Amino acid sequence: MNDIFDVIVIGAGQSGLACGYYLRKTKLNFLLLDANTTCGGAWANNWDKLQLFSAASHSSLPGWQMPTKKNEYPTKKEVISYLCQYENRYSLPIKRTVNIKNVNYRDQLFELEANNGEIYKAKTIIAATGTQSSPYIPKIKGKEIFKGQQLHSSSYKNPNIYKDKSVLVVGEGNSAAQILAQVSKVTSVFWAVKNKPAFLPANVDGKDLFDQATAKYKAKKEGKEYNSKNYNLNSIVMVPNVKEAYERNVYKEYNTIAGFSENHVIWQDGTSTKIDVVIWATGFNFTTNYLRNLVSVNPNGKIETIGTSAKQQSGLWLVGFGQWTGYASATLIGVGRSARKTIKEIQDFLNS
Ligand code: FAD
């Protein structure tokens, strides 16, 4: 690749697409690179019956409202279709199955090395690589000697293969709640958490959660106090399948893990339960390892930024990684704000 781009966006999931939307309004010469073979970002790899916890009206990228269908909460398929149509609607320049392994900075240019040996050059770069490629599983005593099956929620597809098995789901967020709702229909499930899980009241849905989060963000920006009903974005939203499971008392019992033996989970109260499968719904780390030659990550895996701009490397921005790169920026509705601000900063940077 001999071109030198003004901007290269690494990642063409929802965050990269939001950046692309604002870049196409400028005169900058830009390109998006993505490791996946298909459009849809991480959504393409989520489990079959994943439902958004944000209603369609609160899940739109800049410029085009997500079409509302019969059910208020879009399905995984509807989100993927929206994201794929979105990139075509705005004719975003995306090159796929390009996995950036490493980025160096020399002579005021970023050199991006792809796993197929190609080198891409740009004056500025945006990392929009999310978390999906970096599943997080906590270190727990005995995990290595446990003889049963273990998988992360990012590899979970559907419940049927676990029929008649004893399944342990670990985690206290939306993923764990939705997987428990499904697996509990086909077999016995056990639930392990670290902290007490927080459920949003059944009459409060993802919309309210996002409205709260937006109001809190606005108040914070104006330096005002905001006494939100302490809903945080990690609260479990009562999407239909979670609400149904809640009424079946699926979430009534939960416990904290002390460790594993070969075939059992050992609880903190000393009791143990025989387990065949562990599904780790324990979240993700940030996919930024390819930036290791440019910036260091702090102990919680984050990179020092001012807003979305990397402190340790001028010309590098990070979009869509959650609160540390912009309020609710890891959500469809929230990432637009960060993307708009980032592109403005890049224009100023290139003009200076
Ligand atoms: P991703 O979607 O992960 O996209 C990153 C892209 O970067 C991928 O396409 C990947 O191929 C590419 N990439 C990664 N590394 C490289 C590399 N080295 N080189 C090139 N390309 C690379 N958000 C909501 O708004 N509403 C919801 O209801 C909601 N529900 C969720 C439910 C679950 C179970 C999960 C896991 C997340 C949910 N989210 C929701 C959050 C949101 O879907 C994700 O955070 C979203 O995927 C983030 O988008 P992204 O573009 O930042 O990252």
Side-chain angles (χ1 to χ4, degrees), residues 8-20 31-47 49-61 66 72-76 78-80 82-84 86-87 94-103 112-116 118 120 125-136 152-154 156 171 173-179 205-207 209-210 213 233-234 236-237 239 242 281-292 318-322 325-326 328-336 338-339:
I8 287 183
V9 184
I10 307 165
Q14 61 196 48
S15 300
L17 298 184
C19 293
L31 174 69
L32 283 85
L33 299 175
D34 194 285
N36 274 353
T37 47
T38 59
C39 44
W43 290 100
N45 309 324
N46 271 328
W47 63 89
K49 291 227 171 37
L50 170 69
Q51 265 189 308
L52 257 70
F53 52 71
S54 51
S57 56
H58 285 59
S59 302
S60 303
L61 290 178
M66 182 186 279
E72 190 182 3
Y73 292 102
T75 61
K76 159 184 159 176
E78 287 162 353
V79 177
I80 294 172
Y82 170 71
L83 294 177
C84 294
Y86 187 93
E87 59 185 62
I94 300 175
K95 199 161 180 247
R96 281 214 153 78
T97 334
V98 176
N99 191 333
I100 298 300
K101 287 300 192 211
N102 203 0
V103 183
L112 294 76
E113 290 164 30
N115 59 341
N116 59 5
E118 283 177 341
Y120 295 83
I125 57 172
I126 301 176
T129 42
T131 57
Q132 188 76 22
S133 340
S134 315
Y136 166 70
H152 184 271
S153 60
S154 53
Y156 167 79
N174 281 292
S175 301
Q178 290 201 25
I179 293 173
D205 65 13
K207 259 199 317 275
L209 188 62
F210 282 89
L233 278 172
N234 303 323
I236 297 171
V237 182
V239 289
V242 169
T282 41
F284 299 86
N285 289 319
F286 306 108
T287 306
T288 57
N289 188 39
Y290 56 92
L291 299 172
R292 61 192 173 284
L318 296 108
V319 173
F321 289 96
T325 59
S329 63
T331 63
L332 286 149
I333 191 169
V335 72
S338 307

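The residues of the chain are indexed from 1 along the displayed sequence. Bear in mind the structure is a predicted one, so any value in this text is a computation, not a measurement. Whatever order the structure lists them in is the order used to number ligands and atoms, beginning at 1. All values below were derived from every heavy atom in this structure, side-chain atoms included, with hydrogens, water molecules and symmetry-related copies excluded.
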### Query
So, is Gly16 polar-close to ligand 1, with some N/O to N/O distance under 3.5 Å?
no
#### Entry: Distance (rounded to the nearest 0.5 Å) between Ile236 CD1 and Ser175 OG
9.5 Å
## Note on the structure
Rounded to the nearest 0.5 Å, the CG atom of Asn102 sits from the CG atom of Asn115 at a distance of 12.0 Å
### Task
Check whether any side-chain heavy atom of Thr131 sits under 4.5 Å from a side-chain heavy atom of Asn285, and report yes or no.
no
### Query
Quick one: which ligand 1 atoms are inside 4.0 Å of a heavy atom on Leu50?
32 (C), 34 (C)
### Message
Any nitrogen or oxygen of Phe284, side chain or backbone, less than 3.5 Å from one on ligand 1?
### Response
no
### Query
Among protein heavy atoms, which lies nearest atom 26 (N) of ligand 1, and at what distance?
Ser54 OG, 2.9 Å
### Task
Report the part of Ala35 in contact with ligand 1, treating N, CA, C, O as backbone and CB onward as side chain, heavy atoms under 4.0 Å; options are side chain, backbone, both, neither.
both
## Note on the structure
Quick look: Ile10 vs ligand 1, heavy-atom contacts under 4.0 Å, and the answer is side chain
### Pair Phe284 + His152: ring centers closer than 6.0 Å
yes
### Query
Of all the atoms in ligand 1, which lie at a distance below 4.0 Å from a heavy atom belonging to Ala42?
1 (P), 2 (O), 3 (O), 4 (O), 47 (O)
### Query
Short check: is a protein heavy atom less than 4.0 Å from atom 12 (C) of ligand 1?
yes
#### Entry: Pick from Ala128, Gly41, Pro74: the one approaching atom 5 (C) of ligand 1 most closely through a non-hydrogen atom
Ala128
### Option of least heavy-atom distance to atom 15 (N) of ligand 1 (set: Val319, Val237, Thr129)
Thr129
### Message
To the nearest 0.5 Å, what is the distance between OG on Ser59 and CE on Met66?
### Response
5.0 Å
### Query
Taking side chain as C-beta onward, heavy atoms only, is Tyr82 less than 4.5 Å from Leu61?
yes
### Query
How long is the span from the CD1 atom in Ile125 to the CG atom in Leu291, to the nearest 0.5 Å?
5.5 Å
### Message
If you define the side chain from C-beta out and look only at heavy atoms, does anything of Leu32 sit under 4.5 Å from Lys95?
### Response
no
### Query
Which heavy atom of the protein is the closest neighbour of atom 49 (O) of ligand 1, given with residue, atom name and distance?
Gln14 CG, 3.1 Å
### Task
Find all atoms of ligand 1 within a distance of less than 4.0 Å from any non-hydrogen atom belonging to Ser133, and give their numbers and elements.
14 (C)
#### Entry: Leu33 side chain near Ile8 side chain, heavy-atom distance below 4.5 Å
yes
### Task
Return the minimal non-hydrogen interatomic distance between Ser329 and Ser15, and the atom names on each side.
O-OG, 4.3 Å
### Task
Starting at NZ of Lys101, measure out to CZ of Arg292 and round the result to the nearest 0.5 Å.
8.5 Å
### Task
Please could you name the atoms of ligand 1 that Thr331 approaches to less than 4.0 Å, counting only its heavy atoms?
23 (N), 24 (C), 25 (O)
### Query
Heavy-atom contact under 4.0 Å between Ser175 and ligand 1?
yes
#### Entry: Where Val79 and Leu52 come nearest, the two heavy atoms and their spacing
CG2-CD1, 2.9 Å
### Query
What are the two closest heavy atoms between Pro74 and Ala56, and how far apart are they?
CD-N, 3.6 Å
### Task
Answer with side chain, backbone, both or neither: which part of Thr287 has a heavy atom less than 4.0 angstrom from an atom of ligand 1?
side chain
### Message
Does Lys76, at its NZ atom, have more than 12 non-hydrogen atoms belonging to other residues, nucleotides or ligands within less than 6.0 Å?
### Response
yes
### atom 4 (O) of ligand 1 [closest protein heavy-atom partner, distance rounded to 0.1 Å]
Gly13 CA, 3.7 Å
### Message
Using a 4.0 Å cutoff against the non-hydrogen atoms of Gln132, which atoms of ligand 1 qualify?
### Response
3 (O)
## Note on the structure
Nearest non-hydrogen protein atom to atom 38 (C) of ligand 1, with distance, is Trp43 CH2, 4.1 Å
### Protein contact to atom 25 (O) of ligand 1 [nearest heavy atom, distance to 0.1 Å]
Leu332 N, 2.7 Å
### Query
In terms of atom number and element, which parts of ligand 1 are under 4.0 angstrom from non-hydrogen atoms of Gly320?
52 (O)
### Query
What protein heavy atom sits nearest atom 9 (O) of ligand 1, and how far off is it?
Asp34 OD2, 2.7 Å
### Message
Counting non-hydrogen protein atoms only, what is the nearest one to atom 53 (O) of ligand 1? Give residue, atom name and distance.
### Response
Gly130 CA, 3.4 Å
### Query
Looking at atom 50 (P) of ligand 1, what's its closest protein heavy atom, distance included?
Ser15 OG, 3.4 Å
### Task
Could you tell me whether Asn99 and ligand 1 have an N or O pair separated by under 3.5 Å?
yes
### Summary
One finds that the ligand 1 atoms under 4.0 Å from a non-hydrogen atom of Tyr290 are 18 (N)
### Task
Pick one of side chain, backbone, both or neither for how Trp47 approaches ligand 1, counting any non-hydrogen atom pair under 4.0 Å.
side chain
### Task
Before giving the answer on side-chain hydrogen bond (donor to acceptor under 3.5 Å, both in side chains), spell out for Trp43 and Gln14 the whole-Å C-alpha distance, their side-chain angles and the decisive distance to 0.1 Å.
CA-CA 9 Å; Trp43 290 100; Gln14 61 196 48; 2.9 Å; yes
